[in-house]
Structure formats: C-alpha cells, structure tokens
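Just follow the structure's listing: the first ligand is 1, and inside any ligand the first atom is 1. Basis for what follows: all heavy atoms, side chains included, without hydrogens, waters or symmetry-related copies. Everything quoted here is computed from the prediction, not taken from an experiment.
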Amino acid sequence: MSQHNSLTATLARFKIIPVIQINNVEQAPALAHALADNGLAVAEVTFRSAGAAEAIRRMKQARPELLLGAGTILDGGQAEAALAAGAEFMVAPGLNPRTVTACRALGVPFIPGINSPSQIEQALELELSLLKFFPAEASGGVGMVKALLAPYQQISLMPTGGLTPDNAGDYLALPRVPCCGGTWLTPTQLVDDGDMAAIGLRIRQAVEKFAIRP
Ligand code: 3PG
C-alpha cells in the first residue's frame, strides 16, 4: 500500500481532523489530553505560529498515541522541523513541487492543497492522491468537490476551510472524501484562553455527531 493510501485509510477512521494554531506552547500538553481524552486522537498543528514544532513535540510527549500532522508547511525546512518534532504527515494550503520533493526525501507523506482541475493534474503528475481541497467553502463547497471528483477517479479529497458541524457531514457523505479538517473544534481564541472544557465539549459533540470510532 502506498504511503498516501495508508494515510488515507488512517485519516478516514478519524473523519474530522482538528486544525490547531498554538500560540503558547504551554497549552500543548492540555490540548493533547483534551483531544485524546475526548475520543479524537488526531490533529493538524499549523506552522502559523513560531512555536509550532515545539507544540507538536510537547503534545506527542504528553500523549504518544496522538496522530499529529503539521499544517501550513510551506517549505522543506518546516517539514524537517515538524518531522523531527514528531509530526507524521504534512499539509499545505497549496501545491509547491519543491515541498513535495522535500517531503519525499524525508519519507513523510504530504497532503498539498488544491482547488482546481489543473492543480489536481499537477498533483497526479507528482503521484499524489490524497489532496486537501482548500479553501473548501469559498471554492465552491460540496458541489465543487463532487465536480472535481468525477473526472479524477484516482484521488481523495480532504475539504478544509469554512467547515462547520452543520456542513461537514455533507462533505463526508461523498465518496472519496475520507476526512475533513477545520478549526471549529479548536478555535484559536479558546486555545489561547486555555479553555479545555469548551474544547473538550466541542470534540465530544463531533465524536458523537459523526460517529467517530477510530
Ligand atoms: C486551514 O488551515 O486548514 C484552515 O485555515 C482551516 O479553515 P477554517 O478555520 O475555516 O476551519
């Protein structure tokens, strides 16, 4: 099974991938517990904050069973730092062939962002089959995902950007949408405030609503 196929199967069990921006690394262990204790032991930690790699390292240390990805990976240096910290997959908003090459050299799966047929063909050329559809709602939402999946039978899409508890199910109902991502479970304000009770509640609600049994 290719690296992408096995990652797709793993992420399909989680269905929802919380996208987290951690501005204060001190919050990382509590966040790790909030995810794992409430039944969703997965996250994409974005490199939009300076401490992202350190946050991944602390989360993994607190709960080694967490599957952690690194998001907003814009170059090979960030991928290397994320991998060293314990991230097991890389995600980006766009498709940069140099980042694809860097991740391949590191041996870590990379999920690039796309929102058009030409970008999908570029991804296929690079032998990538699991792609982030970003920004999902602004790029046409569920209708656009259906339209993009139709001609490209080889790909799976992870919609992210503008998803909510109300529309995520519509995406997940489509074939070859193994999972979707978003910040609604872990909004930056709640993370900054260290409000793990509110975050835990959001996670439990999602686990219940989407029948997540990883
Ligand atoms: C991402 O980086 O994947 C997005 O910023 C998540 O978008 P959202 O905040 O609309 O969920």
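At the top of the distance list for atom 10 (O) of ligand 1, counting protein heavy atoms only, stands G162 N, 2.7 Å. Closest to atom 4 (C) of ligand 1, if we only count protein heavy atoms, is F134 CE1, 3.6 Å. Atom 6 (C) of ligand 1 has T160 CG2, 3.7 Å as its closest protein atom, hydrogens excluded (heavy atom only). At the top of the distance list for atom 7 (O) of ligand 1, counting protein heavy atoms only, stands G161 CA, 3.4 Å. Nearest non-hydrogen protein atom to atom 5 (O) of ligand 1 is R48 NH2, 3.2 Å.
In summary, the atoms of ligand 1 found under 4.0 Å from a heavy atom of G182, numbered by their order in the structure, are 11 (O).
The proximity of K132 to ligand 1, defined as any non-hydrogen pair under 4.0 Å, is limited to the side chain.
The option with the heavy atom closest to atom 8 (P) of ligand 1, from among T72, L163, T183, T164, is T183.
Between R176 and Y152 the shortest heavy-atom distance is NH1-O, 2.8 Å.
Taking a cutoff of 4.0 Å between a charged side-chain nitrogen and a carboxylate oxygen, R58 and E54 qualify as a salt bridge.
Environment of CD in E208: sparse, with no more than 12 heavy atoms of neighbouring residues, nucleotides or ligands closer than 6.0 Å.
Checking only distances, G181 never comes within under 3.5 Å of ligand 1, N or O to N or O.
Under the 4.5 Å side-chain heavy-atom criterion for Ile, Leu, Val, Met, Phe, Trp and Tyr, L124 and L149 are members of the same hydrophobic cluster.
A heavy-atom distance below 4.5 Å is not found between the side chains of T183 and T46.
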Listing, residues 187-195 side-chain donor-acceptor contacts under 3.5 Å, not counting sequence neighbours, or none:
unit_1: Q189; atom_1: NE2; unit_2: D193; atom_2: OD1; d: 3.1
unit_1: D192; atom_1: OD1; unit_2: N23; atom_2: ND2; d: 3.0
unit_1: D192; atom_1: OD2; unit_2: N23; atom_2: ND2; d: 3.3
unit_1: D195; atom_1: OD1; unit_2: A198; atom_2: N; d: 3.1

For a quick test of your reading: what N or O donor-acceptor pairs under 3.5 Å do the side chains of residues 73-90 make, sequence neighbours left out?
unit_1: D75; atom_1: OD1; unit_2: G77; atom_2: N; d: 3.0
unit_1: D75; atom_1: OD1; unit_2: Q78; atom_2: N; d: 2.9
unit_1: Q78; atom_1: OE1; unit_2: L74; atom_2: N; d: 2.7
unit_1: E88; atom_1: OE2; unit_2: K60; atom_2: NZ; d: 2.8

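Taking a 4.0 Å cut-off on heavy atoms, G71 fails to register as neighbouring ligand 1.
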